[in-house]
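Encoded as structure tokens, the structure appears first; notes follow it.
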Amino acid sequence: MLKRNNSRLGMMSLRFLKIFSVSAFAFVSMTSCYSPSDYLNTDFIPDHERLYVKSDTSFILSAHTIEYDTAYIMGFEDIVLGAINNNVFGKTRVSFMSQIRPSFLKHNFGTSPEVDSIFLFLNLKAFYGDKSVPVTINVYELATPFNKDSLYNAFSPVGDMINPTPIGTASYQGESYVKVPISNEWAQKLITADSVTMATDTSFVKYVYGLYVSAEHLNVQGKAMYYFTYMSSLNNLSLYYTKNEPDTTFQVKFDYQFTSYSHRNIRIEHDKTTAIPGEAIGGLNDTITQDSVFYLQGLAGTKGLLKLTDIATWADSMPVIINRAELRIPLTNAPFFQQDSSQVPISIFKKVSNSLVPIIDMSGNNFGGTYSKSKGYYSFNITNHVQDLLLLPNADLNIYLEPRTRFSRASQTILSSYINNNRIKLIVTYTKL
């Protein structure tokens with residue numbers, strides 16, 4: 001009985017399938033007799049009023065290399081320390097200065113304490129370059145206190161902010177941590193601090209203003225840039241001393257630390273005069289005549305100025321809807337310069353009241369800004385920015401390209417300009433209204 005019911009249901013299903021197939025075929029046959037415009041009655045719309053999607057790649061662009069003149073890098077999360085030397089960008093070195101604070105207050109050094117040794121430890125987080133290249137690190141005591149209300153330009157020379165004689169020196173070559181031996185003579189200043197000095201952080205930083213940890217320039221070609229987490233518990237100025245009590249003598253370790261309350265800033269020195277003639281950056285700060293390439297350098301080295309002047313001619317074509325505006329910037333294969341194997345993402349800024357702010361597209365998920373090895377170029381979605389340029393009267397048609405880690409990481413990139421054989425392109429897909 002059950003089998004007969006299943007058979008009857010199967011015959012009904014087959015009959016329904018045949019009817020549906022015939023009906024569908026008839027519908028397709030009828031509609032295929034009409035073109036889309038006939039079927040939608042769009043023959044009544046004049047050609048000049050129809051909406052068409054078009055693409056334009058004819059934009060003339062102008063790319064230039066600009067130096068930074070100021071960079072305020074304070075309150076950083078990562079210490080940057082090291083040096084770079086190459087034939088294109090010349091020499092770069094990065095140092096930092098910071099307050100230090102006792103690991104705990106009201107520490108009593110006891111009667112007649114004796115310094116055994118003292119070291120500055122920095123625990124390695126990441127590096128850029130080649131660990132086989134040694135870099136010399138010097139430690140100085142600050143000669144002036146931090147002014148909490150001041151801005152410290154990373155390019156300003158330290159001058160009389162430090163005592164000129166280093167209190168510690170070491171050669172570092174990428175080991176898991178930096179270990180700089182500090183002068184025992186200087187450590188006497190720490191060990192003889194009285195109870196008032198050790199009572200509060202405020203009183204201590206008036207006694208020891210802080211440290212300046214400096215990397216020397218490399219005299220050979222190479223990259224040796226290192227990063228350390230600032231507030232790591234492994235980063236310490238560690239003082240080892242002997243405490244003499246009436247009935248016993250024993251060794252004590254006492255640490256001074258970098259804390260979230262410690263004032264700090266990065267110092268950067270770029271010396272482009274040491275680059276090799278013929279390979280050095282061309283057209284630096286020239287915003288009129290463009291070179292065949294332009295240069296981006298992290299740690300506030302150089303940024304790209306890109307002029308979208310040709311967009312202005314589109315104002316005569318308004319109104320249009322920009323469906324997509326894609327900027328493509330290829331890398332340049334310079335035979336004398338080895339590009340970084342992993343290209344850092346790039347950000348795009350516009351100028352507002354003499355400050356650079358991210359363009360609106362950077363707030364979305366489809367901005368791009370990353371390098372595609374398979375395609376050989378960076379791709380940026382700047383659709384909203386281009387649409388705004390068309391709508392705003394007297395809009396600033398300049399944009400600025402910078403490494404996304406412009407102040408916190410080293411990077412060096414050479415990109416193609418508009419007059420390069422493998423040139424920069426702006427591809428705009430739009431609908432004319």
Are [X] and [Y] packed together at the side-chain level, in the sense that at least one heavy-atom pair is separated by less than 4.5 angstrom?
| X | Y | answer |
| --- | --- | --- |
| R101 | Q257 | no |
| T287 | L305 | yes |
| L331 | I414 | no |
| D69 | N153 | no |
| V80 | L299 | yes |
| S411 | Q297 | no |

Neighbour count above 12 (heavy atom, 6.0 Å) for [X] [atom1]:
| X | atom1 | answer |
| --- | --- | --- |
| K206 | NZ | no |
| K54 | NZ | no |
| F250 | CZ | yes |
| Q221 | CD | yes |
| N147 | CG | yes |
| D130 | CG | yes |
| K425 | NZ | no |
| Y207 | OH | yes |

Output the distance between atom [atom1] ([X]) and atom [atom2] ([Y]), rounded to the nearest 0.5 Å.
| X | Y | atom1 | atom2 | result |
| --- | --- | --- | --- | --- |
| W186 | Y140 | CH2 | OH | 14.5 Å |
| T383 | F367 | OG1 | CZ | 11.0 Å |
| K91 | H217 | NZ | NE2 | 6.5 Å |
| I321 | Y430 | CD1 | OH | 13.0 Å |
| I360 | I348 | CD1 | CD1 | 13.5 Å |
| I311 | H385 | CD1 | NE2 | 9.0 Å |

Exercise for review: Would you sort out whether R409 and D78 count as a salt bridge (Lys or Arg N to Asp or Glu O under 4.0 Å), showing the intermediate values?
Suggested key: CA-CA 9 Å; R409 291 291 184 268; D78 284 350; 2.8 Å; yes

**Study point:** Salt-bridge criterion met for K243 and E114 (N-O under 4.0 Å)
**Key:**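 Between E114 and K243 there is no salt bridge, as every charged N stays at least 4.0 Å from the carboxylate O atoms.
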
Is the backbone of [Y] close enough, under 3.5 Å, to the side chain of [X] for a donor and an acceptor to pair up by distance?
| X | Y | result |
| --- | --- | --- |
| S417 | F294 | no |
| N420 | S292 | yes |
| T65 | L284 | no |
| Q343 | Q412 | no |
| Q173 | S171 | no |
| E279 | N87 | no |

Of all the heavy-atom pairs spanning [X] and [Y], show the shortest one and how long it is.
| X | Y | value |
| --- | --- | --- |
| M225 | A410 | CG-CB, 4.0 Å |
| S262 | Y230 | CB-OH, 3.2 Å |
| I73 | A154 | CD1-CB, 4.2 Å |
| D340 | K223 | OD1-NZ, 3.2 Å |
| E67 | T302 | CG-CG2, 4.4 Å |
| L142 | N163 | O-ND2, 4.2 Å |

Do we see a donor-acceptor contact under 3.5 Å between the side chains of [X] and [Y]?
| X | Y | value |
| --- | --- | --- |
| N138 | T169 | yes |
| S416 | R423 | no |
| N323 | T429 | no |
| D361 | N384 | yes |

Practice item. Give the C-alpha distance, both sets of side-chain angles, the deciding distance and a yes or no for side chain to side chain donor-acceptor pair (under 3.5 Å) between T200 and S203. Key: CA-CA 5 Å; T200 66; S203 58; 2.9 Å; yes

Exercise for review: List the steps, then state whether side chain to side chain contact (heavy atoms under 4.5 Å, CB included) holds for L356 with E402.
Suggested key: CA-CA 11 Å; L356 294 184; E402 302 183 358; 3.4 Å; yes

Review point. For E326 and R328, what are the C-alpha separation, side-chain angles and deciding distance, and is it a salt bridge (Lys or Arg N to Asp or Glu O under 4.0 Å)?
Key: CA-CA 6 Å; E326 181 189 5; R328 294 180 181 176; 3.0 Å; yes

Exercise for review: In sequence, state the C-alpha distance, the side-chain angles, and the governing distance for F119 and I182, and then conclude on side chain to side chain contact (heavy atoms under 4.5 Å, CB included).
Suggested key: CA-CA 5 Å; F119 299 94; I182 304 298; 5.7 Å; no

Point to revise | Cation-pi geometry met for R264 and F146 (6.0 Å, 45°) | key: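 Negative - R264 is either too far from the ring of F146 or too far off its axis.
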
Validation row, ring centre [X] to ring centre [Y] under 6.0 Å:
| X | Y | answer |
| --- | --- | --- |
| Y172 | Y226 | yes |
| F337 | F89 | yes |
| F127 | Y227 | no |
| Y371 | Y378 | yes |

Point to revise | Ring geometry between H107 and F254 (parallel below 30°, tilted from 30 to 60°, perpendicular above 60°) | key: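 Answer is parallel, since the angle falls under 30°.
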
**Study point:** Derivation of the side chain to side chain donor-acceptor pair (under 3.5 Å) call for N236 and S238
**Key:** CA-CA 6 Å; N236 295 293; S238 296; 4.8 Å; no

Identify each donor-acceptor pair in which a side-chain atom of residues 387-397 lies under 3.5 Å from a protein atom, sequence neighbours left out, and give them as a table.
from, atom 1, to, atom 2, distance (Å)
Q387, OE1, I322, N, 2.8
Q387, NE2, V320, O, 3.3
D396, OD1, N398, N, 3.0

Point to revise | Stepwise side chain to side chain donor-acceptor pair (under 3.5 Å) test for N123 and N235 | key: CA-CA 6 Å; N123 193 63; N235 297 340; 5.8 Å; no

Exercise for review: Could you walk me through whether V115 and I191 pass side chain to side chain contact (heavy atoms under 4.5 Å, CB included), step by step?
Suggested key: CA-CA 7 Å; V115 175; I191 211 167; 3.8 Å; yes

Exercise for review: Test side chain to side chain contact (heavy atoms under 4.5 Å, CB included) on I66 and N285 and set out the steps.
Suggested key: CA-CA 5 Å; I66 307 297; N285 297 322; 4.0 Å; yes

Exercise for review: Begin from the C-alpha positions of D271 and T274 and carry the test side chain to side chain donor-acceptor pair (under 3.5 Å) through to its verdict.
Suggested key: CA-CA 6 Å; D271 185 1; T274 59; 4.6 Å; no

